[in-house]
Amino acid sequence: MKSFLKLKKYIAICCVLVLFTSIAIPAFAYDQAKAQEYADEWVFKNNLNYAIRSTADCTNFVSQCMNAGGFPQSDDWYYNNYIMRLFSYSASWSAADDLKTFIKEKNGGTLLGRWAKTSYTNLHGVKYYAYIENSSNILGLGSEIVFYDFNDDGKMNHAAIIVGTGIPFSPSEKYDKGDLVNAHTESRQHQYWHLDQYNSKRDTTTVYCYRLKV
């Protein structure tokens with residue numbers, strides 16, 4: 001009788017452990033279309049549900065896009081709204097360098113490439129900068145985040161989200177097809193991923209692209 005009771009207890013414990021494990025490690029589906037739709041809907045305006053009081057909104061915008069795509073909030077990456085316009089958020093939600101660290105170390109995201117200026121080149125009579133590595137085909141799952149280190153000191157200063165590939169809305173240098181980004185603080189919609197034409201620090205900028213692990 002005692003052996004039977006022990007066996008029942010053992011089976012009950014195993015069932016609890018299986019149930020706990022299935023609850024504790026939920027899977028999530030990332031919807032790239034929803035993230036990109038959100039990026040286009042809010043690129044020229046601010047969503048007041050994310051009322052961060054900062055003059056720099058680039059990473060807050062990228063985090064909103066990730067969240068709209070179904071990327072789950074956690075203790076390491078979050079935004080919380082409370083009553084009476086009170087809110088809190090993680091540094092990784094709002095600061096480019098912290099978001100890059102979160103994607104790399106907590107999310108296990110993949111570094112697809114790193115690009116920096118090398119030299120002037122002529123293409124069809126147009127002068128433009130070449131990059132260290134080939135920039136083609138960085139768009140894949142639609143879950144790529146681009147970071148910009150303006151001072152080449154290893155600290156990210158800006159972030160954008162890839163939203164597709166094609167010809168930018170406002171091409172000025174090249175008309176080749178390329179991967180396109182949306183970004184705040186200065187609103188940029190469907191512009192080439194390197195944002196050269198808008199970057200006064202282009203000579204010292206290194207660009208990184210990470211793919212989220214989803």
Side-chain angles (χ1 to χ4, degrees), residues 28-74 76-100 102-103 107 109 138-139 141-150 156-173 177-202 205 207-212 214:
F28 73 93
Y30 187 79
D31 190 330
Q32 68 183 55
K34 287 185 178 179
Q36 293 167 359
E37 287 170 6
Y38 184 96
D40 279 335
E41 179 181 359
W42 293 98
V43 66
F44 293 115
K45 53 188 177 181
N46 295 318
N47 186 341
L48 297 182
N49 290 320
Y50 300 96
I52 292 179
R53 298 187 183 94
S54 172
T55 56
D57 190 56
C58 61
T59 309
N60 176 35
F61 174 68
V62 168
S63 290
Q64 291 175 42
C65 296
M66 290 166 54
N67 196 46
F71 197 92
Q73 296 190 37
S74 65
D76 299 303
W77 180 77
Y78 64 86
Y79 181 97
N80 291 320
N81 269 318
Y82 304 106
I83 60 173
M84 299 180 68
R85 298 185 180 180
L86 298 176
F87 53 88
S88 67
Y89 51 89
S90 63
S92 58
W93 183 280
S94 61
D97 198 56
D98 292 282
L99 179 59
K100 185 270 294 182
F102 167 76
I103 291 173
N107 170 246
I138 63 173
L139 177 69
L141 301 177
S143 55
E144 289 84 10
I145 309 299
V146 184
F147 294 97
Y148 305 82
D149 173 5
F150 292 149
M156 305 302 112
N157 308 107
H158 186 51
I161 184 169
I162 288 188
V163 293
T165 189
I167 297 175
F169 287 161
S170 303
S172 66
E173 296 178 351
K177 180 182 287 188
D179 297 324
L180 308 176
V181 297
N182 281 15
H184 281 191
T185 296
E186 297 295 332
S187 295
R188 309 294 182 199
Q189 184 180 29
H190 292 210
Q191 296 300 316
Y192 281 137
W193 58 273
H194 48 68
L195 296 176
D196 269 10
Q197 67 192 71
Y198 306 108
N199 182 9
S200 62
K201 294 187 176 181
R202 62 180 68 87
T205 294
V207 184
Y208 298 76
C209 184
Y210 278 86
R211 176 171 292 155
L212 301 174
V214 297

### Task
Would you please name every residue forming a side-chain hydrogen bond (donor to acceptor under 3.5 Å, both in side chains) with Ser90, sequence neighbours left out?
Ser92

### Query
Where is the tightest heavy-atom contact between Ser143 and Tyr30, given as atom of each residue plus distance?
CB-CE2, 3.9 Å

### Task
Any chance you could measure Ser63, atom OG, to Phe71, atom CZ, to the nearest 0.5 Å?
9.5 Å

### Query
Are Phe102 and Ser74 close enough that some pair of their side-chain heavy atoms sits under 4.5 Å apart?
yes

### Check: Asp179 and Cys209 side chains under 4.5 Å, non-hydrogen atoms
no

### Query
Quick one: SG on Cys65 to CG on Asn47, what's the gap to the nearest 0.5 Å?
10.0 Å

### Task
Report yes if some heavy atom in the side chain of Phe147 is under 4.5 Å from a heavy atom in the side chain of Ile103; otherwise report no.
yes

### Query
If you look at every heavy atom in Ala39 and Val163, which pair is closest and at what distance?
CB-CG1, 3.8 Å

### Task
Go through the structure and list residues passing side chain to side chain contact (heavy atoms under 4.5 Å, CB included) with Asn199, not counting sequence neighbours.
Phe150, Lys201, Arg202, Thr205

### Query
Does the side chain of His190 reach to within under 4.5 Å of the side chain of Asn182, using non-hydrogen atoms?
yes

## Note on the structure
Between the CD atom in Glu41 and the CD atom in Gln64, the distance rounded to the nearest 0.5 Å is 10.5 Å

### Closest non-hydrogen atom pair between His184 and Lys45, with its separation
CE1-O, 3.3 Å

### Message
If the test is side chain to side chain contact (heavy atoms under 4.5 Å, CB included), which one of Tyr38, Tyr78, Trp77, Tyr79 qualifies with Asn67?
### Response
Trp77

### Query
Any side-chain donor paired with an acceptor under 3.5 Å for Gln191 and Tyr198?
yes

## Note on the structure
Here the pair of heavy atoms bringing Asn81 nearest to Asn49 is ND2-O, 2.6 Å

### Message
If we check ring pair (Phe, Tyr, Trp, His ring centres under 6.0 Å) with Tyr50, which of these qualifies: Phe87, Trp42, Trp93?
### Response
Trp93

### Query
Would Gln36 and Asp40 count as having a side-chain donor-acceptor pair, cut-off 3.5 Å?
no

### Query
Listed by chain and number, what are the side chain to side chain contact (heavy atoms under 4.5 Å, CB included) partners of Ser200, not counting sequence neighbours?
none

### Message
Quick check for you: to the nearest 0.5 Å, what is the distance between Thr59 atom OG1 and Lys100 atom NZ?
### Response
12.5 Å

### Query
Going by the angle between their ring planes, with limits at 30° and 60°, are Tyr192 and His194 parallel, tilted or perpendicular?
tilted

### Task
Locate the shortest heavy-atom distance separating His158 from Ala183; write the atom from each residue and the value.
NE2-CB, 4.1 Å

### Query
Can you name the nearest heavy-atom pair linking Val181 to Trp193, along with the distance?
CG1-CA, 3.7 Å

### Query
How many angstroms lie between atom CG of Leu212 and atom CE of Met66, to the nearest 0.5 angstrom?
5.0 Å

### Side-chain donor or acceptor of Asp31 paired with backbone N/O of Ala33 under 3.5 Å
yes

### Message
Are the side chains of Thr165 and Leu180 in contact, using a 4.5 Å heavy-atom criterion?
### Response
no

### Message
With rounding to the nearest 0.5 angstrom, report the CD1 to CD1 distance, Ile145 to Ile162.
### Response
8.0 Å

